[in-house]
Every structure is written in structure tokens, then in C-alpha cells.
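Data first, discussion second: the structure below is written as C-alpha cells.
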Amino acid sequence: MNRVSSYIHFKIHPKKNRALTLMAITALLGAGCAKKQAMSFDRPPAPVTVAAAVAQDVPVYLDQIGKCVAREVVEIRPQVSGRITNIHFADGADIKKGDLLFTVDPRPFQASLQQAEANLAKDMALKRQAEAALARDRAQAKLGEAQARRYAQLNRHGVVSNEQSEQMQTNAEALNASVAADEASVRNAEEASKADEAAIENAKLQLSYCFIRSPINGRAGQRLVDVGNLAAPGVGTPLLVIQQLDPIYADFTISQNDLSAVQRNLSQGALKAEVRLPDEADKPVVGNLTFVDNAVKDSTGTVNLRATIANGDRRFWPGRFVNVRLVLSVLRGAVLVPATAPQMSAKGQFVYVIKGDSTAEMRPVAVGQRQGEMVVIEKGIASGEMVVVNGQLGVTPGGKVLVEPAKAADLSQNGGNL
């Protein structure tokens, strides 16, 4: 009896075994896919921080870089020649108007004053002498005229001769001429006295120039001469430079494209300017726009402007750069969101708005000027809508979000910082 072994059986049916193997693998793969489909799950909500958009009145402004300029800068120069005999201030001191700064040797000018006063005294004496002579000659002339009239009457009655009458008349005329000469002498003495008085005033003025005083309130710089140096008018180097620090100017420029907006708002009233130091951005000083230049610079297309601010605490220093914000107008009821809410995409800026079903809507927006930690949304958001301010990277449009209560923020709490 012939038997076929299992080895021989396996060799005889290889195709049938391969088919069975493929069917088993296919069944296993099908069972695995079914199990994978049964285990699929939705993406968890993205954790985010949200804030409510608010409506507030905010300023419309221009931000520029400016430079502090002293309101008044005075170079102290001598008006008479002489040696510096004394210095009456310390370098960098606060100076008041009228404070004595320098003393130039006054002795030559004191001598000139004394000489002018002596000339006046002499001419006044000559004037008094001329006035006495005038009074004497007037009396004699009056007597001569009376005698001439009497002799003329006696001559008509034949008592005296014509020669005697004519002699008296000639004598009266000579006395009148003496009176005229005395009057001229008096006038000459008066004019000489006036010239002496003018010389005295000039000598006093020259003497006063020896005591150099501050013409303004301000701060002294470093003195440029020492005691013993010769001071003279017309010398190039001044003795000292004084700058007025309160109030102080903040000069800046704007583009000619912004000039129309400035002029339009300036015609409705004075414009405010906020000036900040770069290292003290949270301490603005409010002043007024006080100057707009009368021409646009050809080389740059800009216009020079100037704001005037109080500087009693000397925080602002001439020559220092500052940040200037020129407030043009007020935008009423502007919608604001935190500055971290707007994001950028290939199609422009957008924010994620949280809907009532806790899903995020990707909404395009038009972003306006920044207001502190917030930014104006010109288009796309309404007041009261909730926007994502943190965690945007984990949000997908239409996806669920999880608002973290501990980090929730409301813009109304920051409204006072605008």
C-alpha cells in the first residue's frame, strides 16, 4: 500500500498554501484598520487667554523724534576793555536775571566819570557867572533907556543939546547890546552844561559795563575766562554762555504729507504735544505746539515744528533727544483690543474671535494706531466681542478653544492707561 508523506504533500500544493497565507494577512489588516477607526478621537480644545474689545475715545497723533532746545541762549561778552578782576558765579550754577557775573577793572571809568562831573561843575559856575552879568547889564540897560527918554524930552524943550540927547541914546543901545551878549553867554553855558551831563551819563554807562550782569534767568555753562584775563569788545570767544531751561523747546519735523492734517487741526485750536524722554516713556510732559515753519525743506520734504513744555524739574536738557507725540484730534468711540491680539497672515492681519460655542473665528481686521498696551481696530471687530490675546499658535479656524479663567483679561481694566 502506497502512502504519501506530509513533506511530499506540502511540495505538491505550494500555490494553495500561498493563497491561504495571503488571505490570513488580509484578514488581519482589515481587523487592524477597523480597530484604528474605532479608536480615532477629536483634537482637544486649544488653551487661550481672551479679552473683550472695548470702545473708548482715543487721540489721533503723530509720533516723531525731537531734540530739546533752550528757549533763550545768551553769550556774555564785554562791552568795555579791561582786565577781569572778579568772577561772581560757579560753573553750572542757576543764574537769575540781574545777577553779577564778572567785574572788569572799573578805575579808568571811575576817573572818566569824575572828570565829567568836574567839567559840569565848572560850566555850571560859568553859567551862574553869566547869569549874574546878564542881570547887572539888564539893570544898566533899563537905566540907560530911561535916561535916553528923559534927555530926548529935555532936548525937545531946548534944555539940553542934540549932542547930549544922542549920546544918551547911544549909551542905551550899547547897554542893550551887552544884555544880548550876556544872554548868549548864558545860553552857551547852558549848552556846555548839557554836554557835561551827557558826558556824565556816558561815563556812568561805561562804568556800569564794568559790572557784567545776567540778562536772563538760566543756567550758566563753563566760564571761558579767568581772573586777570583781558576782556575787550569784539573778541570772538564769549566770557560765558547762559541757557534758559524753563520753559524749554522740543524741536521736531514732520513729513510734508502730514502738514495738511496739522494745519487743519491747528485752525480749530491749539494742539497738544506730549514729550517723553527715551528712558522715561511713562512720564510724558504735556505742552503746546507753538511754531510751524513757513516752508518745506527742499532736501528732505519735511517741515520744522516746535513744542514748548514746562521744565521746572530740569528733566529735559538742551541737545537731548526726546520722543514727541503731537495730538491732532480725538477719535470718538474707537474699538480697542490688546496689542497682542492681531496676528499676521499671507492675506494680512487678523484676530481670532471667540464665538458663543467656544469656537475660534479667524477674522480679518484693519489695525489703526497703538494706544499704550492696546491698539485701535478700524474695521472687523465690534465692542464687546471676545478676542484671543495669547495662545494663537494652538488655535485653528473653527476649532474649539479652552479659555483659561486665571489668565482672562478685560480691556476695560486697562482703559485708564491710554
Side-chain angles (χ1 to χ4, degrees), residues 53-73 217-218 243-297 300-339 366-378 383 411-418:
V54 296
Q56 291 183 357
D57 297 341
V58 296
V60 178
Y61 59 85
L62 297 175
D63 276 345
Q64 300 294 337
I65 302 297
K67 192 175 184 180
C68 291
V69 178
R71 184 180 182 182
E72 293 181 340
V73 180
N217 296 328
Q243 300 195 55
Q244 183 178 359
L245 303 182
D246 183 26
I248 196 169
Y249 293 142
D251 288 354
F252 60 101
T253 61
I254 62 171
S255 170
Q256 60 182 346
N257 297 330
D258 296 322
L259 180 59
S260 296
V262 172
Q263 291 174 323
R264 182 171 57 254
N265 290 280
L266 189 59
S267 64
Q268 300 175 3
L271 298 184
K272 298 294 184 182
E274 299 175 359
V275 183
R276 296 173 171 84
L277 293 173
D279 55 346
E280 296 181 353
D282 57 340
K283 298 179 180 179
V285 176
V286 179
N288 292 320
L289 180 68
T290 54
F291 170 74
V292 178
D293 204 356
N294 59 2
V296 176
K297 291 184 179 180
T300 60
T302 58
V303 184
N304 290 335
L305 277 70
R306 169 174 288 172
T308 303
I309 59 173
N311 191 33
D313 55 0
R314 302 293 196 273
R315 288 173 52 209
F316 298 91
W317 216 246
R320 188 172 185 183
F321 288 99
V322 291
N323 297 319
V324 181
R325 172 169 291 184
L326 180 62
V327 180
L328 301 178
S329 60
V330 176
L331 182 61
R332 305 294 181 183
V335 177
L336 298 100
V337 300
V367 179
Q369 289 186 320
R370 184 157 179 161
Q371 304 290 337
E373 298 299 323
M374 298 156 64
V375 66
V376 174
I377 301 299
E378 298 177 348
S383 176
L411 288 183
S412 60
Q413 298 177 356
N414 299 326
N417 296 328
L418 293 182

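For clarity, every value in this text was computed on a predicted model and none was experimentally measured.
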Item to check | Any Q369 side-chain heavy atom under 4.5 Å of P59 side chain | outcome: no
Checklist outcome for this item: The side chain to side chain donor-acceptor pair (under 3.5 Å) partners of T290 (sequence neighbours excluded) come to T308
Next on the checklist: Walk me through whether F252 and I65 qualify under side chain to side chain contact (heavy atoms under 4.5 Å, CB included).
Outcome noted: CA-CA 6 Å; F252 60 101; I65 302 297; over 6 Å; no
Checklist entry - Mind checking whether I254 and V262 have side chains closer than 4.5 Å, heavy atoms only? => result yes
Checklist entry - Tell me, do P247 and I309 make a side-chain contact under 4.5 Å, heavy atoms counted? => result no
Item to check | Set of side-chain contact (heavy atoms from CB on, under 4.5 Å) partners for A310, sequence neighbours left out | outcome: D246
Item to check | All pairs passing side chain to side chain donor-acceptor pair (under 3.5 Å) where residues 247-269 contributes a residue, at least two apart | outcome: D251-R306
Checklist entry - With a 4.5 Å limit on heavy-atom distance, are the side chains of V367 and V376 in contact? => result no
Next on the checklist: When you compare the side chain of I248 with that of R71, does any pair of heavy atoms fall below 4.5 Å?
Outcome noted: no
Next on the checklist: Suppose the criterion is side chain to side chain donor-acceptor pair (under 3.5 Å): which pairs have a residue in residues 314-323, not counting sequence neighbours?
Outcome noted: D279-R320, E280-R315
Checklist entry - Listed by chain and number, what are the side chain to side chain donor-acceptor pair (under 3.5 Å) partners of D63, not counting sequence neighbours? => result R325
Checklist outcome for this item: Residues passing the side chain to side chain donor-acceptor pair (under 3.5 Å) test with N288, sequence neighbours excluded, are K272
Next on the checklist: Could you work out, with side chain to side chain donor-acceptor pair (under 3.5 Å) as the rule, every residue matching Q244, not counting sequence neighbours?
Outcome noted: none
Checklist entry - Can you name the residues that form a side-chain contact (heavy atoms from CB on, under 4.5 Å) with V292, not counting sequence neighbours? => result L259, L266, L289, V303, L305
